[in-house]
Each structure stands twice: as C-alpha cells, then as structure tokens.
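What follows is a short report on a single structure.
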Protein chains: 2
Amino acid sequence: MMMEKAERTEAGQTGHVARSDDGANPIAPQPDIPETGPAKRRLESRRKLMEAARRLFVERGYHATRPQDISREAGVGHGTFYLHFDDKLDCFLAFGDEAASELDVIIAAHLVSVQTLDDAVLEMLRGIFEYSRKNPGVLAAALTDISVLSTGEEVDRVVPADRWSLGWGRFLAEMQAKGHVAPDVDTTLAGYLIVGAIRQGGAYASLNGLDRDSTIEAMAKLFVRALK
Amino acid sequence: MMMEKAERTEAGQTGHVARSDDGANPIAPQPDIPETGPAKRRLESRRKLMEAARRLFVERGYHATRPQDISREAGVGHGTFYLHFDDKLDCFLAFGDEAASELDVIIAAHLVSVQTLDDAVLEMLRGIFEYSRKNPGVLAAALTDISVLSTGEEVDRVVPADRWSLGWGRFLAEMQAKGHVAPDVDTTLAGYLIVGAIRQGGAYASLNGLDRDSTIEAMAKLFVRALK
DNA sequence: AATCCATTCTGACAATTTGTCAACTAGGGA
DNA sequence: TCCCTAGTTGACAAATTGTCAGAATGGATT
C-alpha cells in the first residue's frame with residue numbers, strides 16, 4: 001500500500017487566469033507549453049478533461065459525476081481519463097488547485113494598494129465573493145474537505161482550504177508586524193478560523209439569498225474586531 | 001424521481017447518551033422502546049448497524065466504508081442494511097444525528113450555571129473538545145459537508161453543521177438580549193461563522209497536535225472579541 | 001401444541017461503476 | 001517512405017450497489 005502516487009503532474013496550467021503577458025519578463029520562453037508534437041495533443045486532452053470535470057463537478061457535485069461522464073463530456077476515450085488522473089479524487093483535487101490559482105489572482109488584484117487591516121479584510125472578502133459570483137459553485141466545490149473523499153491513505157496533499165488558511169495566516173502575521181493586529185493573536189490559527197468561517201458563512205449566505213454586500217460587511221466587522 | 005424518501009425512521013435512539021431516567025416524569029411509559037416482539041428484533045438490528053457504521057466511518061472514512069462492510073461488521077445480512085437505511089448517505093446522516101445528540105448533552109452539561117459570555121464560549125469549546133477527545137474522529141466525520149456526499153437531489157435534510165450553527169445563533173441572540181453581545185452583530189450569521197471556524201480550527205489543531213487548552217483559549221478569545 | 005401470520009431477515013442476483021491493458025493511431029524525424 | 005515513440009481507445013475483468021423472492025422468527029389464535 002501507499003504506492004508512491006507518482007508525479008502530481010505538470011503544475012496546473014489553469015488556462016482561464018493565464019498570466020496575461022504583462023511584459024514584465026520578456027525573456028522566459030513559455031517554459032512548458034509545447035505548441036507542437038505529441039505533447040501538445042496530451043495537453044489538449046488534459047485541458048478538455050479539466051474543463052469537462054469542472055463543469056460536471058460544479059453542476060452535479062462530486063458524487064454524481066463519474067469518470068466516464070467526464071470523458072464523454074470531454075470528447076475523449078474513457079481510458080484517457082486514467083492517463084491523466086490516478087482516479088476521480090486526483091481529478092477533483094486538480095480541479096481544486098485550478099480554482100485556487102484563479103482565486104489567488106483575483107485576491108492579489110484586490111489587495112493592491114490596500115493599507116489598513118479593515119480595508120484588507122474587506123477587499124479579500126470582496127475578492128472571494130466576486131469570484132464566487134463569476135464562478136457559481138466552484139469555490140464551494142473546491143473547498144470540499146478532502147478527508148471525506150479520501151479512500152483511506154494519502155493524508156498528504158495540500159488542499160485549497162489549507163493553502164488559503166496558511167495564506168491568511170501569513171497575511172495576518174504581516175499585519176501583526178505592522179501593529180495592525182493585536183500581538184496576542186495566534187495568526188496561523190486565526191487564518192484557519194477565518195477560512196472555516198468564510199466557508200460556512202458563505203454557504204449559509206448563498207443558500208439563504210443574503211445580500212452580498214451586507215454579508216461581506218458583517219463578516220469583515222466580526223473578523224476585524226476579533227483581530228484588533 | 002424525488003421519491004418521497006419515506007419515513008426518516010424512528011428518531012435516533014442514541015443508546016450512549018440515553019436519558020438517564022432522572023425521575024422527572026414518572027408517567028411516560030418508555031414511549032417507543034419495545035422490549036418484546038418483532039419490533040425489538042428490528043431495533044437490535046438497527047443498533048448493531050449503527051454501531052458498526054460509526055466504527056467504520058470513523059476508522060476508515062465515508063468512502064472506504066461500504067454498506068456490505070457495515071453489514072458484516074454488524075453481523076447481519078447484507079440486505080438488512082437496506083431495510084434500515086435508504087442507502088449509504090442515509091446511514092451516514094443517521095450517524096451524524098446520533099453524534100449531534102450526544103454532543104448536545106455534553107454541551108448542555110457544560111452550560112449549566114454559566115453566566116457571562118466569556119464563560120459560555122469557553123465552556124462550549126471545552127465541551128466540544130472533551131467530546132472530541134472521548135470520541136476521536138466522530139465530530140470531524142459528523143461535520144462532513146453533505147453537499148459533497150449528495151448524489152444530486154435532496155437539498156433538504158438538516159445536517160449537524162446547520163443544527164449547531166442555528167444553536168449557536170440562538171444562544172448568541174439570548175446573550176445579545178442580555179446585553180452581553182454587541183447589538184450590531186447578526187447573531188445567526190455569527191453562529192454559522194463560529195461553527196465553521198471551530199470545524200476548520202479544530203481539524204488544524206488536532207492534525208498539528210496543538211495543545212488543547214491553549215487552543216481553546218485562543219479560539220475563545222477571538223470569538224469573544226468579535227462579538228463584544 | 002399445532003397452526004397461523006405479520007414482521008423482519010437473508011443472500012443470490014442484476015445492474016452499475018471502476019480501473020486495466022493490448023491493440024491502435026498520429027505525426028515528427030531519418 | 002518508413003520507423004518509432006508518445007498518446008489514445010474501448011472492450012473487459014473486478015468490484016460495488018441496490019433488489020427481491022423465499023426463509024425464519026416468535027407472538028397470537030384455536
């Protein structure tokens with residue numbers, strides 16, 4: 001058992017949020033996006049699978065989506081699915097990684113030129129809700145707790161929820177260093193708490209049709225108070 | 001489709017936390033715990049299944065546990081499982097309900113004669129962590145997000161996470177009425193945020209072997225600050 | 001105590017889903 | 001043109017799920 005899990009394959013290639021060629025680094029020769037040869041075919045199959053998987057996971061949920069459905073929706077053979085993913089869980093995690101990367105971009109954009117803790121928290125929440133509006137269901141799906149899906153072993157794998165939690169933790173630590181967060185706050189723990197709160201609160205808000213802006217404000221107020 | 005879902009069967013009968021005959025109501029003739037007849041057999045099968053399911057869900061997780069495993073572990077026929085539960089999800093939810101009831105009892109005990117918000121939050125967290133220590137893995141499993149497990153339809157069913165969130169919300173509303181919680185706090189939303197935070201934070205704490213007491217204190221401090 | 005009968009249990013079975021693999025295809029390079 | 005490697009394919013074996021006709025249990029009736 002515990003059979004190595006092989007290569008977690010060539011880092012994402014998100015497609016959607018692709019670096020928009022902002023001229024910053026004119027040297028880099030598109031590191032690993034082959035435009036030709038068999039590798040190109042492979043990448044195209046993967047992209048088709050990822051898009052189909054995303055559509056189905058969001059639309060039907062993890063369980064009601066079968067690998068064969070994904071293959072059919074992607075227009076590739078059933079066996080191809082297993083050439084790109086170990087199994088359904090691996091595919092789901094890849095989907096989560098993709099969403100995480102997309103959200104990271106949105107949030108980074110929101111954080112540009114923000115100074116106070118109040119603004120920062122507000123902007124991060126706005127970023128999250130904005131992404132959620134543009135990509136209904138994606139965040140909820142991506143934040144799925146891996147332990148539920150796991151077929152036993154593989155305790156490893158950093159899931160989006162952890163990634164985001166640690167991100168919030170680092171951010172709070174910075175804010176703490178600048179004196180914007182009370183010194184007695186355990187910033188790492190707080191990062192986890194906040195992500196948990198956002199997940200649960202976001203689900204509640206969207207299920208009950210709460211007003212987006214007032215929810216954001218209410219959440220921000222609570223977070224900021226807790227941290228100051 | 002949407003086939004009625006039949007009777008959500010005879011309310012739990014938790015076994016573990018059974019009402020301890022506190023003499024309060026000497027009349028009630030043990031409402032529905034038949035000590036004889038075929039109904040008794042049925043109840044015993046159900047109890048065996050519930051215990052086996054709990055053991056396996058906690059030990060192996062939802063996915064690695066198959067209905068046939070539960071039946072075997074319970075020592076009943078494979079078909080019996082389907083006489084007591086619609087399917088695996090239904091069984092899992094019954095397990096969650098059971099855990100929820102047990103935790104409710106523990107928390108109620110912790111809240112006896114508590115007056116201030118600080119103490120109340122602290123005691124609730126202590127209750128949760130105490131239960132978690134006595135029943136490793138049960139809470140994490142019970143708090144599992146249903147949307148992941150769902151096979152499509154059935155949006156309804158109140159899951160433990162919602163139940164607890166609403167409970168916290170009611171509790172906070174009471175505290176707010178007494179002036180212990182700031183009047184501008186949306187207590188319902190706060191209830192959800194807190195449960196989400198506890199879930200994520202608890203998982204983080206147990207995974208990283210954080211000290212129980214200091215985690216409780218750190219969490220309580222953040223919650224109280226947010227609410228006041 | 002023999003019989004009846006409603007309730008519950010059982011496990012073989014059909015239907016569905018998952019993951020594998022030998023054969024096949026595409027297309028760059030000699 | 002032919003070769004050769006990387007990639008694809010779908011039929012197939014294995015595993016799992018949910019059903020149902022028949023069997024068993026035990027209290028009630030005669």
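Values below: every heavy atom of this structure, side chains too, minus hydrogens, waters and symmetry copies.
Atom CG in B:Asp90 sits about 11 Å away from atom P in D:dG18, given to the nearest Å. Atom pair B:Phe81:CZ and D:dC20:C1' shows a separation of 17 Å (rounding to whole Å applied). Here D:dG18 presents its P atom at 13 Å from CG of B:Asp69, a figure rounded to the nearest Å. Look at NZ on B:Lys40: it is 18 Å from C1' on C:dA6, rounded to the nearest Å. Taking atom NE2 of A:His84 as the reference point, atom C1' of D:dT9 lies 12 Å away to the nearest angstrom. The distance from atom CG of A:Leu89 to atom P of C:dT18 is 13 Å, rounded to the nearest whole Å. One atom, CD of A:Glu44, and another, P of D:dA6, lie 19 Å apart when rounded to the nearest Å. Rounding to whole angstrom units, CZ of residue B:Arg42 and C1' of D:dA24 are separated by 16 Å.
If you check D:dT9, C:dT8, D:dT17 against the side chain of A:Val76, the one that comes closest is D:dT9. The listed nucleotides are D:dT8, C:dT8, D:dG10; the one nearest the side chain of A:His78 is D:dG10. In the set C:dT8, D:dT17, D:dT9, C:dT8 carries the atom at the smallest distance from any side-chain atom of B:Arg41. Closest approach to the A:Thr80 side chain among C:dT18, D:dT9, C:dC9 is made by D:dT9 (side chain taken as heavy atoms from C-beta onward). Looking at the side chain of A:Gln68, the nearest of the listed nucleotides C:dG19, C:dC9, C:dT17 is C:dT17. Listed candidates were D:dT9, C:dT18, D:dT19. Nearest to the side chain of A:Pro67 is C:dT18.
A:Ile194 has its side chain out of reach of A:Val121: every pair of non-hydrogen atoms, C-beta onward, lies at least 4.5 Å apart.
Listed pair A:Tyr82 / C:dG19 meets the phosphate criterion, a side-chain N or O lying under 4.0 Å from OP1 or OP2.
Ion pairing between a basic and an acidic side chain is recognised when a charged N comes within 4.0 Å of a carboxylate O; B:Arg54 and B:Glu102 show such pairing. Looking at A:Glu44 and A:Lys48, no side-chain N of the basic residue comes within less than 4.0 Å of a carboxylate O on the acidic one, giving no salt bridge. Under 4.0 Å is where a charged nitrogen must lie from a carboxylate oxygen, and between A:Glu51 and A:Arg55 no such pair does.
When all heavy atoms of A:Gly191 and A:Trp168 are compared, the pair lying nearest together is CA-CB, 3.8 Å.
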